[in-house]
Asks: 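Here it is, the structure, as C-alpha cells.
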Amino acid sequence: MQSVRLDDENNALIILDQTLLPRRTEFLELKGLKEIWEAIYHLKVRGAPAIGIAAAYGVYLGTKWPGADSFEALAQNFQAAKDYLASSRPTAVNLFWALDKMEKRLQSEPHETVGHALKALRDEAEQIRQQDEEMCKSIGEHALALLEPGMGLLTHCNAGAIATAKYGTALAPVYLGQERGYGFKVFADETRPLLQGARLTAWELSEAGVDTTLICDNMASIVMKEGKIGAVLVGCDRVAANGDTANKIGTSGVAIMAKHYGIPFYVCAPTSTIDKSCETGDRIHIELRPDFEVTEKWYEEPMAPAGVVVYNPSFDVTENGLITAIITEQGICYPPYGDSLAKLDLG
Ligand code: MRU
C-alpha cells in the first residue's frame, strides 16, 4: 500500500489518512498547501521518510499551484512553499533533507522555461520516493542478517511500510523474514499518547500475517525479563553525528531496559535520517504537542482533571551508548558512531 503518492494530472497529493487506521482505510486528495501542512502536523501522513516524501511532492505542487510566468516568480513560489512546509514538524530531519534536495535541484536547473523547472522538481520528488523504497529494502536485508529465525522482536511506534515509501525501516526485516519463513514473533508497544504501535504497527503486521502481540508501553520490561525478546528494532527521526538518536517518545526507556537485560537494541536509519550537522542529541529539537493528546484523545470523556499541567514531548533521544548498531542502507554501523557514521556517503 502506497501511503503517499502524486496525482499530477489532478494536481493533488494523495495520502493514506493514518489517523483513521485501523478502523478505516481512506485516502485523502490534498489540493492546497495548507491541507498538506495540516496533514503533516496532525500525523495523517507520518513517519520520518513519509513526511519527507510528502514534503517533496508538496513543495512541487506548492510551486506549481499558484502559476508563474517567469523563473523568478516560480522561485518565489518555491521559497514560500518550502518555508511553510518546513514549519509543520521540527524533529524528523527527513522533512528538511527532502526540501533541501528539492531546492538544490531547482538551483541546478538551467533557467530555461517554467515548464522545464517544474518537470525537474517533479522528477526530483519521484526520485526521493523511489530512493526511499530502495533504502528500506536494503535496510531490511542488512537487519535480517542480524536476526535468528523464530526470534521475538520488540518494536516501538511505527516504522513500517506506511511510514515510508515501502517496506518500512525497522519493520523491513520483519517483512523479509515473513517472506522467507523466519517465523518472527513481534511485540508491538502501544506507544502512548498517539498509539502508533497499537493502531498502525499491530494493524500492518497482522494484515501481513506476522505473529503480532500488542503490549502497553509499561509491559516491555516484563516481556524482556521473561526471555521473550531476542532483539529490539526501532526507527528514528534524526541521528546526530555521534549516534545519539531521536525517535518516538518512550524509545530511550526501551533502550535502557534492553541494556539492562542484555538484549541488542538496533536503530534502523536510512541515510536521509542522519544529520551530520547536528553534533549530539542535545541539539535535536524535540517537538512538543498539545495537552489534549494526553488527557482527552481516545477517551469518551477527559480522563484527567481539568486544567492539569501536561508535558507532551513527542520524541526522546536515545544515547549512543545504548545502541548496539545503527542499520543503514549502506551497511551496519557499530560504535564508535562518530567514526562509523562519518564513513557513510550522505550525498
Ligand atoms: O510522530 P510520528 O508518528 O511521525 O513518529 C514516528 C517515529 O518516531 C518513527 O519511529 C520514525 O519516524 C521512523 S519511521 C520509518
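We count ligands from 1, going down the list as the structure has it; atoms in each ligand are counted the same way. Positions are given from 1 along the sequence.
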Asks: Any chance you could measure Phe265, atom CZ, to Thr245, atom OG1, to the nearest 0.5 Å?
Replies: 8.0 Å

Asks: Is it true that Tyr60 and Glu126 share a donor-acceptor pair across their side chains at a distance under 3.5 Å?
Replies: no

Asks: Does Phe96 share a hydrophobic cluster with Val45, counting links as ILVMFWY side-chain heavy atoms below 4.5 Å and allowing steps through other members?
Replies: yes

Asks: Taking Ile222 as the starting point, is it possible to reach Ile229 by hopping between hydrophobic residues whose side chains are less than 4.5 Å apart?
Replies: yes

Asks: Can you find an N or O of Arg46 that's nearer than 3.5 Å to an N or O of ligand 1?
Replies: yes

Asks: Any donor-acceptor pair under 3.5 Å linking the side chain of Asn312 with the backbone of Pro290?
Replies: yes

Asks: What atoms in ligand 1 come closer than 4.0 Å to a heavy atom of Gly47?
Replies: 4 (O), 12 (O), 14 (S)

Asks: Any link between Phe315 and Leu95 through a network of hydrophobic side chains (Ile, Leu, Val, Met, Phe, Trp, Tyr) touching at under 4.5 Å?
Replies: no

Asks: What are the atoms of ligand 1, with element, lying closer than 4.0 Å to any heavy atom of Arg89?
Replies: 1 (O), 2 (P), 4 (O)

Asks: Could you list which atoms of ligand 1 come closer than 4.0 Å to a heavy atom of Asn247?
Replies: 7 (C), 8 (O), 9 (C), 10 (O), 11 (C)

Asks: Could you state the interatomic distance from CD (Glu133) to NZ (Lys166), rounded to the nearest 0.5 Å?
Replies: 4.5 Å

Asks: List every atom of ligand 1 that sits less than 4.0 Å from any heavy atom of Leu43, numbering the atoms from 1 in the order shown and giving each element.
Replies: 1 (O), 3 (O)

Asks: Looking only at protein heavy atoms, which one is nearest to atom 12 (O) of ligand 1, and how far off is it?
Replies: Ala48 N, 2.8 Å

Asks: Can you sort out which atoms of ligand 1 are near Ala159, meaning under 4.0 Å from one of its heavy atoms?
Replies: 14 (S), 15 (C)

Asks: List every atom of ligand 1 that sits less than 4.0 Å from any heavy atom of Lys248, numbering the atoms from 1 in the order shown and giving each element.
Replies: 1 (O), 2 (P), 5 (O), 8 (O)

Asks: Does the residue Cys236 have a heavy-atom contact with ligand 1, meaning some pair of atoms that are separated by less than 4.0 Å?
Replies: yes

Asks: Taking the non-hydrogen atoms of Cys157, is any one of them nearer than 4.0 angstrom to ligand 1?
Replies: yes

Asks: Do Lys343 and Asp339 meet the salt-bridge criterion of a basic N to acidic O distance under 4.0 Å?
Replies: no

Asks: Got a salt bridge between Asp237 and Lys248, using NZ or NE/NH1/NH2 to carboxylate O under 4.0 Å?
Replies: no

Asks: Note the single closest protein heavy atom to atom 15 (C) of ligand 1, along with its residue, its atom name and the distance in Å.
Replies: Thr169 OG1, 3.2 Å

Asks: Taking both backbone and side-chain atoms of Asp237, is any N or O found less than 3.5 Å from an N or O belonging to ligand 1?
Replies: yes

Asks: Which atoms of ligand 1 are found less than 4.0 Å from any heavy atom of Gln196?
Replies: 1 (O), 2 (P), 3 (O)

